[in-house]
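Everything quoted here is computed from the prediction, not taken from an experiment.
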Amino acid sequence: MATEKTTIFSTETAARFDRLVTLYPVKRSALVPMLLYAQDDLGYITPGAVAEIAQRLDLRENDVESVLSYYSMLRTKPAGKYNLQVCTNISCMLRDGYGIYEHCKKRLGIGHKEVTADGLFSLEEVECIGACSWAPAMQVNYDFYDELTPEKVDVIIEDYKAGRGKETV
């Protein structure tokens, strides 16, 4: 008698995981993509996600947790509905990336990896988002914003607050 597979993930994500393990010669190579998809599906990496991914890849939970703790883009706590990632790497730093980050902190009243009380925004200082030619830059979820000024940041935040962010279009 066949046993039914149970999962904490959506049907689409579980199917994606099933396919991922067939793409790599070594199952473990699917770990980081699985963690990213799990985060997209659940909002953050839960202990249950760690356990299921470890089982799917024939790893120990400690193996998954060590990779999870290494990558700063992976979260073990919920983020805000809109996650602002402000780049402060060299090009952004030279064009006031830290000023943009400090402006976001002051404007939102939160620090690194914190969430506003209403759960709408979270903020992260990140190393590089690959926008050196258009620095300073940030992402809001998967939407990209460049050549930022404090005034542009204020407009972006207000647009998301009002439900007019790029992803809502």
Side-chain angles (χ1 to χ4, degrees), residues 8-10 12-13 16-17 20 28-50 53 62-169:
I8 64 168
F9 298 103
S10 67
E12 295 80 20
T13 299
R16 183 175 274 163
F17 287 174
L20 270 174
R28 182 187 185 101
S29 301
L31 179 54
V32 171
M34 276 191 180
L35 288 168
L36 289 167
Y37 288 129
Q39 183 168 275
D40 284 348
D41 195 23
L42 304 173
Y44 65 103
I45 308 298
T46 66
V50 168
I53 289 170
N62 283 349
D63 295 330
V64 176
E65 288 167 349
S66 67
V67 170
L68 177 59
S69 67
Y70 180 78
Y71 290 102
S72 62
M73 76 279 201
L74 296 169
R75 294 184 301 272
T76 56
K77 295 179 182 172
K81 179 177 181 182
Y82 304 114
N83 187 38
L84 279 65
Q85 296 180 307
V86 181
C87 180
T88 56
N89 205 337
I90 188 72
S91 295
C92 288
M93 178 186 71
L94 293 172
R95 299 204 59 210
D96 200 29
Y98 280 112
I100 295 298
Y101 178 66
E102 290 300 320
H103 182 76
C104 288
K105 283 172 59 177
K106 185 176 176 185
R107 175 69 196 258
L108 298 171
I110 57 175
H112 180 63
K113 294 204 173 191
E114 293 180 348
V115 181
T116 56
D118 62 3
L120 199 55
F121 294 100
S122 52
L123 177 65
E124 292 181 70
E125 177 187 356
V126 295
E127 266 301 304
C128 184
I129 58 173
C132 298
S133 296
W134 308 281
M138 72 177 187
Q139 289 184 180
V140 180
N141 297 347
Y142 292 112
D143 296 329
F144 182 82
Y145 297 91
D146 57 21
E147 298 183 3
L148 294 172
T149 62
E151 295 77 22
K152 284 177 86 172
V153 168
D154 288 343
V155 170
I156 292 165
I157 290 172
E158 285 306 313
D159 281 348
Y160 279 95
K161 266 187 183 174
R164 295 186 306 258
K166 283 184 180 178
E167 74 178 22
T168 58
V169 175

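Put simply, the side chain of V155 does not reach to within 4.5 Å of the side chain of K152, judged on heavy atoms. Contact check for I156 versus L148: side-chain heavy atoms found under the 4.5 Å cut-off.
In terms of the side chain to side chain donor-acceptor pair (under 3.5 Å) criterion, D146 has no residue partners (sequence neighbours excluded). Taking L36 as the reference, V32, M73, L74 meet the side-chain contact (heavy atoms from CB on, under 4.5 Å) condition, with sequence neighbours excluded. Listed by chain and number, the residues in a salt bridge (Lys or Arg N to Asp or Glu O under 4.0 Å) with D154 are R107 (sequence neighbours excluded). Listed by chain and residue number, R60 satisfy the salt bridge (Lys or Arg N to Asp or Glu O under 4.0 Å) test with D63 (two or more places apart in sequence, or in another chain). Judged as a ring pair (Phe, Tyr, Trp, His ring centres under 6.0 Å), and not counting sequence neighbours, the contacts of F17 are F9. Listed by chain and number, the residues in a side-chain contact (heavy atoms from CB on, under 4.5 Å) with P150 are I100, H103 (sequence neighbours excluded). Partners of K161 by salt bridge (Lys or Arg N to Asp or Glu O under 4.0 Å), not counting sequence neighbours, listed by chain and number: E158. With sequence neighbours left out, T76 forms a side-chain contact (heavy atoms from CB on, under 4.5 Å) with L68. The side chain to side chain donor-acceptor pair (under 3.5 Å) check on D118 picks up T116, with sequence neighbours excluded.
Interatomic distance, M34 CE to S29 OG, rounded to the nearest 0.5 Å: 11.0 Å. In this structure, Y44 OH and Q39 CD are separated by 11.0 Å, a value rounded to the nearest 0.5 Å.
The main-chain N or O of K81 is found under 3.5 Å from a side-chain atom of N141 such that the two form a donor-acceptor pair.
R75 and A79 get closest at one heavy-atom pair: NE-CB, 3.3 Å.
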Please tabulate, for side-chain N and O atoms in residues 119-129, each donor-acceptor pair with protein atoms closer than 3.5 Å (sequence neighbours left out).
| residue | atom | partner | partner atom | Å |
| --- | --- | --- | --- | --- |
| S122 | OG | G80 | N | 2.9 |
| S122 | OG | N83 | OD1 | 2.6 |
| E124 | OE2 | N83 | ND2 | 2.7 |
| E124 | OE2 | Q85 | NE2 | 3.4 |
| E125 | OE2 | T88 | OG1 | 2.7 |

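For residues 93-106, the salt bridge (Lys or Arg N to Asp or Glu O under 4.0 Å) pairs, not counting sequence neighbours, are E102-K105.
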